Colleague: 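Before we start, here is the structure in question, set down as structure tokens.
Numbered from 1 within each chain, the chains take letters A, B, ... in sequence-line order. Remember, it's a predicted structure, so these values are computed and weren't measured experimentally.
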Amino acid sequence: MSEERSLNFIEEIIEADLASGKHTQILTRFPPEPNGYLHIGHAKSICLNFGLAKKYGGETNLRFDDTNPVTEDTEYVESIKDDVQWLGFQWAKELYASDYFEQLYQFAVQLIAKGLAYVDDSTSEEIAAQKGTPTVSGVPNVYRSRSVEENLQLFADMRAGKFADGQKVLRAKIDLASPNMLLRDPIIYRIKHAHHHRTGDAWCIYPMYDFAHGQSDSIENITHSICTLEFIPHRPMYDWCIEQLGIYPSHQYEFARLNMTYTVMSKRKLLQLVNEGHVNGWDDPRMSTISGMRRRGFTPESLREFCDKIGVAKRENLIDFGLLEFCVREHLNKVAQRRMVVFDPLKIVITNYEGDGEDLPSENNPEDPNGGERMVPFTKELYIERDDFMEVAPKKYFRLAPGQSVRLKSAYIIQCNEVIKDEAGNITQLNCTYLPNSKSGNDTSGVVVKGTLHWVSAAHALPVEVRIYDRLFTEENVAAAEGDFKDYINKDSLKIIPQAFAEPFLAQATLSDRFQFIRKGYYCIDKESTPEKLVFNQTVNLKDTWSKVNK
RNA sequence: UGGGUUAUUGUGUAACGGUAGCACGGCAGUUUUUGGUGCUGCUUGUCUAGGUUCGAAUCCUAGUGACCCAACCA
């Protein structure tokens, strides 16, 4: 079991830092902005940050990057905490960038005092124009040469609320000619007379990401600050602030964010899907949100396994959704309780079956020797799946056909003798005979059949609703597709079976149960389910080589 | 036309100058009271062109493609 596994590039950095004594213990952080729900891309970051800390005996803080009061809300804070814990991780400290507002303010004052920041009265359009372009240097304006004293006073006045939104900003004085646009005197504080979900109305100026993130890392003594590739150009600013302020030198490392086929990952697009009613909320089972996947029945174990399998590197990637499906099947196969549910019923009558019926034992999980059994009622009249019968069967068809025999799972071998139709020619019933000595576990018939079908006793059938989900988009690479991403929404991504027939034991199902409907797929109870009307979500179907061969 | 990051099979990801490996997918076989699972085997890859070297995915030079950066968003 000593599987030699190569390290990813961040693990290599950490091991080098530990070996050289640069750090004796590592501290990472997961820093979401509470302005939306977490998605599978965040799961990658969570697994990375918490996973690294766990692997190397360190810790991870959960820090909310709440520096923009107009987009953030406590609702998101709660859902984020919930999702992180559900994924199986526990943070060392729950922190907020807003906890550091006073300290951040003092950092800005220090910068002003060093002549490294100034208050600018320009409009955002003027600032943008003065910044130049990648090939043309920016030009300084008159505000850039304000005195330290004046800047100090003006910044204090900004804090005191003497100015309206947009009237003034504080800018770092770095280099207007830098080829890195982010270094051309970036704005580090702006005025927003807005209510903050935690600090209320205590502040009317708020630090920008570039002035808050690195310093927050530093305040917490984060050793390895791990973020996605698009922040690479921000790193010089991150380092500049820490250096000028002379504070704890946290370091930023960047990895490639997760992209997945047939879905979208940006908060903006996810929000749009919710707001425009293309899905039924953030936790719609088709969403790439953690809450959606959770509702759909994905397990924390399978998501963690997925994040582990996709690896960590710096190149752009597009992960096959099929890999996620593989991970969830792999886990669910080991833990899901087997049950029989018929989606599209076709009645069969066992003409030679006498008596009121019997209860037959059926294994709960063939993968689990200790899984036990449950009793399934067997009677004269049963339902099987309509497409498990063909009047004219092609060769290699192992299911039921006139004159052909199959085993009913955990029950008997039956043979189809007669097909009954209505006036329109639709098949309404099959008359079959069973082999009394072919009882499951006690078969002395010597008959060998190729097919085994799932079934439900007609008299005991429990009507349930089943919801089946397909990919949300028709395009593999949605982000790269031309035009509006909404043009590629899969109209058939949700299929509802209002009345499927389940074996009676399923009436006891609870929200945390995981099932495999035999020969169908993996299912769980939806949150909208009630004892009167059970609702199941399909997590993922079973691999179906027959349907592929059939094509 | 500026700066940055990146390029290994269909998709991901290893290889740290010395046999291009692993996973998913695909294909074939086998097992099976789930056409599921398990097991076995197979599965056209180092962006291009030069160079250094006994030997290059790896080092050098020159190209090419992709992605990111000019929000008072993060």
Colleague: Determine the contact category for A:Ser124: base if any of its heavy atoms lies under 4.0 Å from a base atom, sugar-phosphate if only primed atoms, P, OP1 or OP2 are that close, otherwise nothing.
Modeller: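 Answer is base: heavy atoms of A:Ser124 come under 4.0 Å of a base.
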Colleague: What's the CZ-P distance between A:Phe321 and B:U11, to the nearest Å?
Modeller: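 Value for this atom pair: 19 Å.
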Colleague: Sequence neighbours left out, what passes side-chain hydrogen bond (donor to acceptor under 3.5 Å, both in side chains) with A:Tyr383? Give chain and number order.
Modeller: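 Counting only residues at least two positions away or on another chain, A:Tyr383 forms no side-chain hydrogen bond (donor to acceptor under 3.5 Å, both in side chains).
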Colleague: For A:Ile310 and B:C24, give me the distance from atom CD1 to atom P, rounded to whole Å.
Modeller: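 So the CD1-P distance, A:Ile310 to B:C24, works out to 15 Å.
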Colleague: Determine which pairs satisfy salt bridge (Lys or Arg N to Asp or Glu O under 4.0 Å) with at least one residue from residues 260-271 of chain A, sequence neighbours left out, and list them in order.
Modeller: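 Passing the test, one end in residues 260-271 of chain A: no pairs.
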Colleague: Give one of base, sugar-phosphate or nothing for A:Asp544, where a contact means two heavy atoms less than 4.0 Å apart.
Modeller: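 Sugar-phosphate contact only - A:Asp544 comes under 4.0 Å of backbone atoms but never of a base.
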Colleague: Checking side-chain polar atoms at under 3.5 Å, does A:Ser547 have a donor or acceptor matched by the opposite partner on A:Asp544?
Modeller: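 The answer is yes; a qualifying pair exists.
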Colleague: Assign A:Phe326 to base, sugar-phosphate, or nothing according to its heavy-atom contacts below 4.0 angstrom with the strands shown.
Modeller: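 If one applies the 4.0 Å heavy-atom cut-off, A:Phe326 turns out to touch the sugar-phosphate alone, with no base involved.
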Colleague: Quick one: which of B:G12, B:C27, B:C69 gets closest to the side chain of A:Asn317?
Modeller: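 Side chain of A:Asn317 sits closest to B:G12.
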Colleague: The side chain of A:Lys409 is closest to which nucleotide in this list: B:A70, B:U33, B:C72?
Modeller: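 Comparing B:A70, B:U33, B:C72 against the side chain of A:Lys409, the answer is B:U33.
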Colleague: Among residues 516-523 of chain A, which contact RNA chain B at a heavy-atom distance under 4.0 Å?
Modeller: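 RNA chain B contact set from residues 516-523 of chain A: A:Gln516, A:Ile518, A:Arg519.
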Colleague: Holding to side-chain hydrogen bond (donor to acceptor under 3.5 Å, both in side chains), I want the full list of residues that pass it with A:Tyr238, two or more places apart in sequence or in another chain.
Modeller: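 Expected list: A:Asp217.
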Colleague: Work out how far the C1' atom of B:U44 is from that of B:U8, and round it to whole angstrom.
Modeller: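 Result for the C1' pair: 14 Å, nearest Å.
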Colleague: In whole angstroms, how far is the P atom of B:C68 from the CD atom of A:Glu230?
Modeller: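 That distance rounds to 9 Å.
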Colleague: Checking all strands, does A:Ser410 fall into the base, sugar-phosphate, or nothing category for heavy-atom contacts under 4.0 angstrom?
Modeller: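 Counting heavy atoms under 4.0 Å across all strands, the contact made by A:Ser410 includes a base.
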Colleague: Sub-3.5 Å donor-acceptor pair from the side chain of A:Arg190 to the main-chain atoms of A:Ile188, do we have one?
Modeller: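 Side chain of A:Arg190 to backbone of A:Ile188, a donor-acceptor pair under 3.5 Å: no, none is there.
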Colleague: Considering only heavy atoms, which members of residues 327-341 of chain A lie under 4.0 Å from some atom of RNA chain B?
Modeller: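 Going residue by residue through residues 327-341 of chain A, the ones with a heavy atom under 4.0 Å of RNA chain B turn out to be A:Asn333, A:Arg338.
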Colleague: Using distance alone, with no hydrogens and no angle criterion, decide if A:Ser445 and A:Asn437 have a side-chain donor and acceptor under 3.5 Å apart.
Modeller: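 No, no side-chain donor-acceptor contact under 3.5 Å.
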Colleague: Base, sugar-phosphate, or nothing: which does A:Thr123 touch, judged by heavy atoms less than 4.0 Å apart?
Modeller: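 The residue A:Thr123 makes base contact.
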Colleague: Evaluate the ring planes of A:Tyr434 and A:Phe378, with Trp represented by its six-membered ring, and classify them as parallel (under 30°), tilted (30 to 60°) or perpendicular (over 60°).
Modeller: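 Tilted, since the angle between the ring planes falls between 30° and 60°.
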Colleague: At under 4.0 Å between heavy atoms, what does A:Leu318 touch on the DNA or RNA strands: base, sugar-phosphate, or nothing?
Modeller: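 Here A:Leu318 touches the backbone only, sparing every base.
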Colleague: Looking only at side-chain N and O atoms, does A:Ser122 offer a donor or acceptor that is under 3.5 Å from a partner on A:Asn141?
Modeller: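 There is such a pair (donor and acceptor under 3.5 Å, judged by atom type) between the side chains of A:Asn141 and A:Ser122.
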Colleague: Taking side-chain hydrogen bond (donor to acceptor under 3.5 Å, both in side chains) as the definition, give me every residue that meets it alongside A:Asp185, ordered by chain and number, with sequence neighbours left out.
Modeller: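 With sequence neighbours excluded, A:Asp185 shows a side-chain hydrogen bond (donor to acceptor under 3.5 Å, both in side chains) to A:Tyr118, A:Arg144, given in chain and number order.
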Colleague: Once side-chain contact (heavy atoms from CB on, under 4.5 Å) is applied, do any residues pair with A:Ser124, and if so which ones, sequence neighbours excluded?
Modeller: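 Result, side-chain contact (heavy atoms from CB on, under 4.5 Å) vs A:Ser124: none returned.
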Colleague: What is the distance, to the nearest angstrom, from the CG atom on A:Asp388 to the P atom on B:U33?
Modeller: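 About 18 Å, once rounded to whole Å.
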Colleague: Take atom CG of A:Leu258 and atom C1' of B:C24, then tell me their distance rounded to the nearest Å.
Modeller: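 For the pair A:Leu258 CG and B:C24 C1', the rounded distance is 15 Å.
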Colleague: A:His454 near the nucleic acid: base, sugar-phosphate alone, or nothing, with a heavy-atom cut-off under 4.0 Å?
Modeller: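 Touches nothing.
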Colleague: If you look at every strand shown and take non-hydrogen atoms under 4.0 Å, does A:Tyr206 touch a base, only sugar-phosphate, or nothing?
Modeller: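 Here A:Tyr206 touches no strand at all.
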Colleague: Does A:Tyr397 reach a base, just sugar-phosphate, or nothing at all? Heavy atoms under 4.0 Å.
Modeller: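 It contacts base atoms.
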Colleague: If you look at every strand shown and take non-hydrogen atoms under 4.0 Å, does A:Ser122 touch a base, only sugar-phosphate, or nothing?
Modeller: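 Base, at least one base atom sits under 4.0 Å.
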Colleague: Would you say the side chain of A:Ser440 and the base of B:U33 hold a donor-acceptor pair, judged only by whether the two atoms sit under 3.5 Å apart?
Modeller: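 Under the 3.5 Å cut-off, the side chain and the base do form a donor-acceptor pair.
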Colleague: Taking the side chain of A:Thr452 as its heavy atoms from C-beta onward, which of B:G12, B:G36, B:U33 lies nearest to it?
Modeller: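 Closest of the options to the side chain of A:Thr452: B:U33.
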Colleague: In which stems does RNA chain B show up, taking only runs of three or more Watson-Crick or G-U wobble pairs whose two distances fall under 3.5 Å?
Modeller: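 Stem list for RNA chain B: B:2-7 with B:64-69, B:10-13 with B:21-24, B:25-30 with B:38-43, B:47-51 with B:59-63.
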Colleague: Would you mind classifying the nucleic acid contact of A:Gly441 as base, sugar-phosphate or nothing, using non-hydrogen atoms under 4.0 angstrom?
Modeller: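 The answer is base, as A:Gly441 lies within the cut-off (heavy atoms under 4.0 Å) of a base atom.
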Colleague: Does this structure show an ion pair linking A:Lys44 with A:Asp308, if we count only N-O contacts that are shorter than 4.0 Å?
Modeller: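 Judged by the 4.0 Å cut-off on N to carboxylate O distance, A:Lys44 and A:Asp308 do not form a salt bridge.
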Colleague: For the side chain of A:Glu325 and the base of B:G25, is some donor closer than 3.5 Å to an acceptor across the two?
Modeller: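 By the distance-only test, no, there is no pair.
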Colleague: Once you round it to whole Å, what is the distance between C1' of B:C67 and CD of A:Glu254?
Modeller: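 For the pair A:Glu254 CD and B:C67 C1', the rounded distance is 14 Å.
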Colleague: A:Arg399 side chain: which of B:G3, B:A14, B:G35 is closest?
Modeller: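 Minimum distance to the A:Arg399 side chain belongs to B:G35.
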Colleague: I'd like to know whether A:His331 forms a side chain to side chain donor-acceptor pair (under 3.5 Å) with A:Thr299, so could you lay out the CA-CA distance, the side-chain angles of the two residues, the decisive distance to 0.1 Å, and finally the verdict.
Modeller: CA-CA 8 Å; A:His331 181 227; A:Thr299 58; 2.7 Å; yes
Colleague: The side chain of A:Tyr209 lies closest to which of these nucleotides: B:A74, B:C72, B:G36?
Modeller: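 Of all the options, the side chain of A:Tyr209 is nearest to B:A74.
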Colleague: What pairs of nitrogen or oxygen atoms, one from the protein and one from nucleotides 6-10 of chain B, lie under 3.5 Å apart?
Modeller:
residue : atom : partner  : partner atom : Å
B:U8    : O4   : A:Arg315 : NH2          : 3.3

Colleague: Could you measure between the two P atoms, the one in B:U11 and the one in B:G45, and give it in whole Å?
Modeller: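 Each nucleotide's P atom is 13 Å from the other's.
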Colleague: With the side chain of A:Glu33 defined as its heavy atoms from C-beta on, choose the nearest nucleotide among B:U37, B:U13, B:C73.
Modeller: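 The listed nucleotide nearest to A:Glu33's side chain is B:C73.
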Colleague: Expressed in whole Å, how much space separates the C1' atoms belonging to B:A71 and B:C60?
Modeller: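 After rounding to an integer number of Å, I get 41 Å for this pair.
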Colleague: How close or far is atom P of B:G36 from atom CD of A:Glu363, stated in whole angstroms?
Modeller: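 That distance rounds to 16 Å.
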Colleague: Between B:U5, B:G2, B:A74, which nucleotide has the shortest distance from any of its atoms to the side chain of A:Asp65?
Modeller: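 Output: B:A74.
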Colleague: Among B:G35, B:C73, B:U5, find the nucleotide with the atom closest to the side chain of A:Thr545.
Modeller: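 Given the options B:G35, B:C73, B:U5, the side chain of A:Thr545 is closest to B:G35.
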Colleague: Just to verify, what does A:His234 make a side-chain hydrogen bond (donor to acceptor under 3.5 Å, both in side chains) with, not counting sequence neighbours?
Modeller: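 Scan of A:His234 (side-chain hydrogen bond (donor to acceptor under 3.5 Å, both in side chains), adjacent residues dropped) gives A:Asp210.
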Colleague: Where does the angle between the aromatic ring planes of A:Tyr105 and A:Trp203 fall among parallel (under 30°), tilted (30 to 60°) and perpendicular (over 60°)?
Modeller: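 A:Tyr105 vs A:Trp203 ring planes: tilted.
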Colleague: Touch check for A:Pro32, heavy atoms < 4.0 angstrom, all strands: base, sugar-phosphate only, or nothing?
Modeller: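 No contact.
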Colleague: With side chain to side chain donor-acceptor pair (under 3.5 Å) as the rule and sequence neighbours excluded, what pairs involving residues 315-324 of chain A come up?
Modeller: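 Of all non-adjacent pairs touching residues 315-324 of chain A, none passes side chain to side chain donor-acceptor pair (under 3.5 Å).
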Colleague: Check salt bridge (charged side-chain N to carboxylate O under 4.0 Å, His left out) between A:Arg329 and all other residues, then give those that pass, not counting sequence neighbours.
Modeller: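 A:Arg329 satisfies salt bridge (charged side-chain N to carboxylate O under 4.0 Å, His left out) with no other residue.
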Colleague: Please work out if A:Ile232 contacts a base, only the sugar-phosphate, or nothing of the nucleic acid, heavy-atom cut-off 4.0 Å.
Modeller: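 The residue A:Ile232 makes sugar-phosphate contact but no base contact.
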Colleague: Looking at A:Glu220 and A:Arg63, is any side-chain nitrogen of the basic one under 4.0 Å from a carboxylate oxygen of the acidic one?
Modeller: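 Answer for the salt bridge query: yes.
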Colleague: CZ of A:Phe343 versus P of B:U34: gap in Å, rounded?
Modeller: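 These atoms are roughly 18 Å apart.
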Colleague: What distance, rounded to whole Å, do you find between the two C1' atoms, one in B:G65 and one in B:A70?
Modeller: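 24 Å, rounded to whole Å.
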